[in-house]
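Everything quoted here is computed from the prediction, not taken from an experiment. Heavy atoms only: backbone and side chains are in, while hydrogens, waters and symmetry mates are out.
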Amino acid sequence: MTHLSVEMMAADAAEPITSAGNAQLGISVLVGIAVIVLLITRFKLHAFLSLTIGSLALGAVAGAPLDKAITSFTNGLGDTVAGVGVLIALGAILGKLLADSGGADQIVDTILAKSSRRMMPWAMVLIAAIVGLPLFFEVGIVLLIPVVLLVAKRGNFSLMRIGIPALAGLSVMHGLIPPHPGPLVAIDAIKANLGVTLGLGVIVAIPTAILAGPVFSRFASRWVDIAPPEKMIPQRPSEDLEKRPSFGATLATVLLPVVLMLAKALVDIIVDDPEQHVQRIFDVIGSPLIALLVAVLVGMFTLGKAAGFGMGRLSSTVEKSLAPIAGILLIVGAGGGFKQTLVDVGVGDMILDLSKDWGLPALLLAWLIAVAIRLATGSATVATVSAAGLVAPLAADMSTTHAALMVLAVGAGSLFFSHVNDAGFWLVKEYFGMKVGQTVKTWSLMETVISVVSIICVLLLSLVV
């Protein structure tokens, strides 16, 4: 997972497929990104098709032969899906098990039962961070919205005082912490160490989630003081279940892949000898594929069986979890194709050359590029995969920790100021019953706080690690 395939490395090391100068390459990047932005925002074309067409436009303007541009795109798509596709699928299965078994509700209810009124916003950000580890952002929102609305109504809270911490916890996980698709693709493109990225990501995520969640919600609740919309309080997933898994078993299952991956990173640092049996064992069990696979298999018993699921119900849950991720896999794959096209036409080397004259720290440059693409396309995933491809050459000579920080810088930039071209913006607006201006004052500013606090934490960490 932390290394690309032999074929892709060979492609990275090969001569560019065009001899275009920096000016032409710069224009080709702008044209490629402009095509993607225009197709997504103006013509409402699916991001997969937009990235595919934008990649071909990039190659054409850069002067690359069309057959070679097509080969670059398909190779990048194949390598990306091969690297992260199975991990995304396993993460989706674990998330579906967590939701359908009532495990997520068990975590929510247990933490809320032990929280005072004053600590409720802090409880919400904790719940969202835990539940958000294996869940995609949209799934997490759908799962937590009933809880947010019910807590706000029963406790007579401002909806923003409870909702913003929950959204912050989910968004931070989505942008910074693997096994979410964006961070996984960035790790693959930048060739960072997943365990180190995960560890540093947690360090960045904690202060970021606190400032963007409980702290920022104090201001958001003053700017937008609204009550929970009655019509948006749906049924919770576990209300139809006769029983559900225990809090301890659920929490242990959710954290299992994280613990295994962090253990591998720790052993790599302490032992640092690939011939040692201990390191070889942890290299296997701590690899993302095995860690997530083990968590899924364990979850079938600790979550599924504990909720009374038979093999038929478990099989159905797995099947239903895979269908919704088809679009995500295609977008991620096309983003990898766009990235490889950038690399093969020589854009990465151009960025490397120009950055020497700009005087900007590489981490800050990576963040700014991701911010620009995020603002233009509205997609955090598109911003992550595109920016990671552009800045990957900057990480070639970086240490393991700084390469991981580069991934986090890209992830931080991909969350900047969600607005009307982002599906998440409308999802939050409709669920919370807000107007567009109210959504900008709360959700959009919260995303900006996450992005800015994250990059500040990344830059500070770069001074000490």
Side-chain angles (χ1 to χ4, degrees), residues 1-5 9 80 82-91 94 129-130 132-134 172-209 251-298 332 363 366 384 388 392 395-412 454 457-458 461-462 464-465:
M1 182 59 225
T2 57
H3 299 284
L4 301 178
S5 65
M9 287 191 290
T80 301
V84 304
V86 176
L87 304 182
I88 293 173
L90 290 172
L94 183 58
I130 294 173
L133 270 173
V172 168
M173 293 295 110
H174 173 71
L176 300 179
I177 307 295
H180 289 277
L184 283 177
V185 173
I187 288 167
D188 198 42
I190 293 172
K191 303 177 186 176
N193 181 286
L194 189 143
V196 174
T197 306
L198 178 58
L200 292 175
V202 170
I203 294 173
V204 172
I206 291 173
T208 300
L251 186 62
T253 305
V254 170
L255 296 180
L256 180 58
V258 176
V259 171
L260 291 176
M261 287 187 279
L262 287 177
K264 173 190 177 299
L266 187 62
V267 169
D268 286 346
I269 294 171
I270 296 174
V271 179
D272 195 22
D273 182 2
E275 298 302 317
Q276 288 282 343
H277 290 300
V278 172
Q279 183 164 351
R280 293 174 67 179
I281 291 171
F282 275 89
D283 282 345
V284 173
I285 65 174
S287 66
L289 174 62
I290 299 300
L292 280 167
L293 180 59
V294 168
V296 167
L297 295 176
V298 169
V332 167
L363 296 174
T384 300
D397 297 323
M398 285 184 172
S399 65
T400 301
T401 52
H402 277 239
L405 291 175
M406 177 74 82
V407 172
L408 299 177
V410 169
S454 295
C457 290
V458 166
L461 277 175
S462 70
V464 297
V465 296

Is the shortest heavy-atom distance from the side chain of [X] to the side chain of [Y] under 4.5 Å?
X    : Y    : answer
P207 : C457 : yes
I285 : V294 : no
L200 : V204 : no
I187 : P178 : yes

Just how far is it from atom [atom1] of [X] to atom [atom2] of [Y], taken to the nearest 0.5 Å?
X    : Y    : atom1 : atom2 : value
L405 : L363 : CG    : CG    : 6.0 Å
L133 : T253 : CG    : OG1   : 12.5 Å
L260 : L292 : CG    : CG    : 9.5 Å
I88  : L184 : CD1   : CG    : 6.5 Å
I290 : M261 : CD1   : CE    : 12.0 Å
L293 : L297 : CG    : CG    : 4.5 Å

Side-chain donor/acceptor of H402 to backbone N/O of S462, under 3.5 Å: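 Yes.
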
For a quick test of reading the model, state the closest non-hydrogen atom pair linking [X] to [Y] and the distance between them.
X    : Y    : value
I190 : A403 : CG2-O, 3.9 Å
Q279 : V267 : CA-CG1, 3.8 Å
A366 : V410 : CB-CG2, 3.9 Å
T197 : A404 : OG1-CB, 3.3 Å
G411 : L176 : C-CD2, 4.1 Å
A295 : L256 : CA-CD2, 4.0 Å

Chi angles and distances behind the side-chain contact (heavy atoms from CB on, under 4.5 Å) call for D283, D268: CA-CA 8 Å; D283 282 345; D268 286 346; 3.1 Å; yes

T384/V185 under side-chain contact (heavy atoms from CB on, under 4.5 Å): CA gap, chis, key distance, verdict: CA-CA 8 Å; T384 300; V185 173; 5.5 Å; no

